Amino acid sequence: MSSRISARISAISESATLAVDAKAKAMKAAGRPVIGFGAGEPDFPTPGYIVEAAVEAAREPRFHKYTPAGGLPELRQAIADKTLRDSGYRVDASRVLVTNGGKQAVYQAFATLLDPGDEVLVVAPYWTTYPEAIKLAGGVQVDVVTDETTGYLVSVEQLEAARTERTKVLLFVSPSNPTGAVHPREQVEAIGRWAAEHGLWVVTDEIYEHLVYGDAEFTSIATAVPELGDRVVILNGVAKTYAMTGWRVGWLIGPSDVVKAATNLQSHATSNVSNVAQVAALAAVKGDLSAVERMREAFDRRRKTMVRMLNEIPGVLCPEPQGAFYVYPSVKALLGKELRGRRPQTSAELAELILEEAEVAVVPGEAFGTPGYFRLSYALGDDDLVEGVSRLQKLLSEAV
Ligand SMILES: Cc1ncc(COP(=O)(O)O)c(C=O)c1O
């Protein structure tokens, strides 16, 4: 008898980050004072001028109809202009595909590039969606593991050691989710030149481009290494920069053949992204960056507080991230210790104990391919942040 669910789809795991978030929200709804460090979204509302543009669009009959599957022409042009402004990367609007959030861009990029057995180099810790998108496309993920000793930066030597005859794509994400690592320009150039030299494709996820702190600078690998030519695909979206996670607008920029093929796929899967959301995204990318600047200042302050407080806990080692809105401390030294009558052996077990005992939600490193760590988002209010980390300090200092 054939199974009810296909092998391809049963192999997909639940998003661990959304699962933690859902559990924390359910506990909260049941009246427990849970503080959630799980969410990957800014705690700010979408700026008013963006919301107003959407309200006006909803009243316009032409936006009540189907529009081109690849995106509203004016939005594709505005994304091309914004890419030149922010990344120095010149691209024609015809090479922009507007997608339902960055997530659909991730799926379509791998679906378009990979044949069964093609290998993708993925720097671990990695964001939870990549493995599923690669697997669904029949690709084979090859992990290149980084750790806290290098601030989660990857080197050309590590990548070269993982390259085989079957390697087709390097996935490059800087600033990174979950580590917040930002690769310095020289390293981005070296990695890009290495990829170009070996004829690899580079898929680069630039969704956190505007969230960098201190001396760190975002470098677009596509611009820094022109030798990549027509083998580079950029993924991006409005979610993180403009606090627009719920609006679901992202994009993929690539060579004409890739964009055309991915648009064909999208035309059957979802057609155009909601016109109202596209008009909101148009207002966002055409506008200035003052809203993200205000969020960035708040995130920077919270980042410093969080790193300081986490490093005060014996057994927790937290490198200072330079981008995005996550910290990724090692908790390896706490595993196997006794805590409230239990002895958690893995970061997943420790995270569960913390949720039950301290009512604090963190995402264990198992979700990102590196057990022994936690990911904590600092995209939450300052008071909650301090309260949540204080609870962690209190609980974890009991470990013996
Ligand atoms: C690295 C990275 N890329 C892409 C996305 C996709 O964002 P969205 O689908 O909300 O646009 C996320 C969201 O968490 C992310 O962290």
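These figures come from a predicted structure and were not determined experimentally. Each residue takes its place number in the sequence, starting with 1.
In terms of heavy atoms, E356 sits closest to R32 at O-NH2, 3.4 Å. Heavy atoms only, all atoms of each residue included: T167 and A162 are closest at OG1-O, 4.2 Å. The nearest pair of heavy atoms linking R302 to L385 is CB-CD1, 3.6 Å. The nearest pair of heavy atoms linking L265 to A111 is CD2-CB, 3.9 Å. In terms of heavy-atom proximity, L395 sits nearest to A358 at CD2-CB, 3.9 Å. Between P175 and V212, the shortest heavy-atom distance links the atoms CG-CG1, 3.7 Å.
The line from CZ of F299 to NZ of K240 is 10.0 Å long, rounded to the nearest 0.5 Å. Summarising the geometry, atom CZ belonging to R375 is positioned 4.5 Å from atom OH belonging to Y326; distances are rounded to the nearest 0.5 Å. Atom CG in D86 sits 12.0 Å away from atom CD1 in I79 (nearest 0.5 Å). Atoms CZ and CG, on F110 and L171 in that order, are 4.5 Å from each other to the nearest 0.5 Å.
Here E352 does not pair with R342 in a salt bridge; the nearest charged N to carboxylate O distance is not below 4.0 Å. Of the charged side-chain nitrogens involved, none lies within less than 4.0 Å of a carboxylate oxygen, so that D81 and R85 do not count as a salt-bridged pair. The residues R303 and E320 are annotated as salt-bridged, a charged nitrogen and a carboxylate oxygen being separated by less than 4.0 angstrom. Between D230 and R95, no side-chain nitrogen of the basic residue sits less than 4.0 Å from a carboxylate oxygen of the acidic one, so the salt-bridge criterion is not met. Residues R163 and E160 are paired through a salt bridge, judged by an N-O separation under 4.0 Å between the basic side chain and the carboxylate. Remark: E56 does not engage R59 in a salt bridge, criterion side-chain N to carboxylate O under 4.0 Å.
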**OP:** Could you go through the side-chain hydrogen bond (donor to acceptor under 3.5 Å, both in side chains) check for S220 and E209 one step at a time?
**Re:** CA-CA 8 Å; S220 174; E209 62 180 331; over 6 Å; no

Original post:
Would Q108 and T99 satisfy side-chain hydrogen bond (donor to acceptor under 3.5 Å, both in side chains), going step by step from the backbone distance to the final call?
Top reply: CA-CA 9 Å; Q108 291 180 172; T99 58; 6.0 Å; no

**OP:** Show your working on ring pair (Phe, Tyr, Trp, His ring centres under 6.0 Å) between Y328 and Y373 and close with a plain yes or no.
**Re:** CA-CA 6 Å; Y328 201 71; Y373 298 82; 5.1 Å; yes

**OP:** Before giving the answer on side-chain hydrogen bond (donor to acceptor under 3.5 Å, both in side chains), spell out for S347 and E366 the whole-Å C-alpha distance, their side-chain angles and the decisive distance to 0.1 Å.
**Re:** CA-CA 7 Å; S347 41; E366 279 83 348; 2.6 Å; yes

Original post:
Hey, mind stepping through N275 and R62 against side-chain hydrogen bond (donor to acceptor under 3.5 Å, both in side chains) and telling me if it holds?
Top reply: CA-CA 9 Å; N275 293 321; R62 77 183 164 111; over 6 Å; no

**OP:** Kindly indicate, with the supporting measurements, whether the criterion ring pair (Phe, Tyr, Trp, His ring centres under 6.0 Å) is fulfilled by Y208 and F325.
**Re:** CA-CA 9 Å; Y208 292 101; F325 39 62; 5.6 Å; yes

For residues 246-262, run the donor-acceptor check on the side chains, cut-off 3.5 Å, and write out each pair with its distance to 0.1 Å, sequence neighbours left out.
residue: W247; atom: NE1; partner: T46; partner atom: OG1; Å: 3.0
residue: R248; atom: NH1; partner: T245; partner atom: O; Å: 3.0

Exercise answer: donor-acceptor pairs, residues 180-193 side-chain atoms, under 3.5 Å, sequence neighbours excluded:
residue: H183; atom: NE2; partner: V154; partner atom: N; Å: 3.0
residue: Q187; atom: NE2; partner: V154; partner atom: O; Å: 2.9

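Among residues two or more places apart in sequence or in another chain, the ring-ring contact (aromatic ring centres under 6.0 Å, His included) test is passed with Y378 by none. With sequence neighbours excluded, the residues that form a salt bridge (charged side-chain N to carboxylate O under 4.0 Å, His left out) with E357 are R340.
The shortest side-chain heavy-atom distance between L376 and L392 falls under the 4.5 Å cut-off. Between Q141 and Y126, the closest side-chain pair of non-hydrogen atoms falls below 4.5 Å. Looking at L380 and I35, their side chains come closer than 4.5 Å, going by heavy atoms from C-beta outward. S174 has its side chain out of reach of Q322: every pair of non-hydrogen atoms, C-beta onward, lies at least 4.5 Å apart.
Residue pairs meeting the salt bridge (Lys or Arg N to Asp or Glu O under 4.0 Å) criterion with at least one member in residues 97-121, sequence neighbours excluded: D118-R166. Within the structure, ring pair (Phe, Tyr, Trp, His ring centres under 6.0 Å) pairs that include any residue of residues 47-78 do not occur (at least two apart or interchain).
Within 6.0 Å of CD in E338 there are more than 12 heavy atoms belonging to other residues, nucleotides or ligands. Counting heavy-atom neighbours within 6.0 Å of I9 CD1, excluding the residue itself, gives a total above 12. When the shell of 6.0 Å around NZ of K135 is examined, it contains more than 12 heavy atoms from other residues, nucleotides or ligands.
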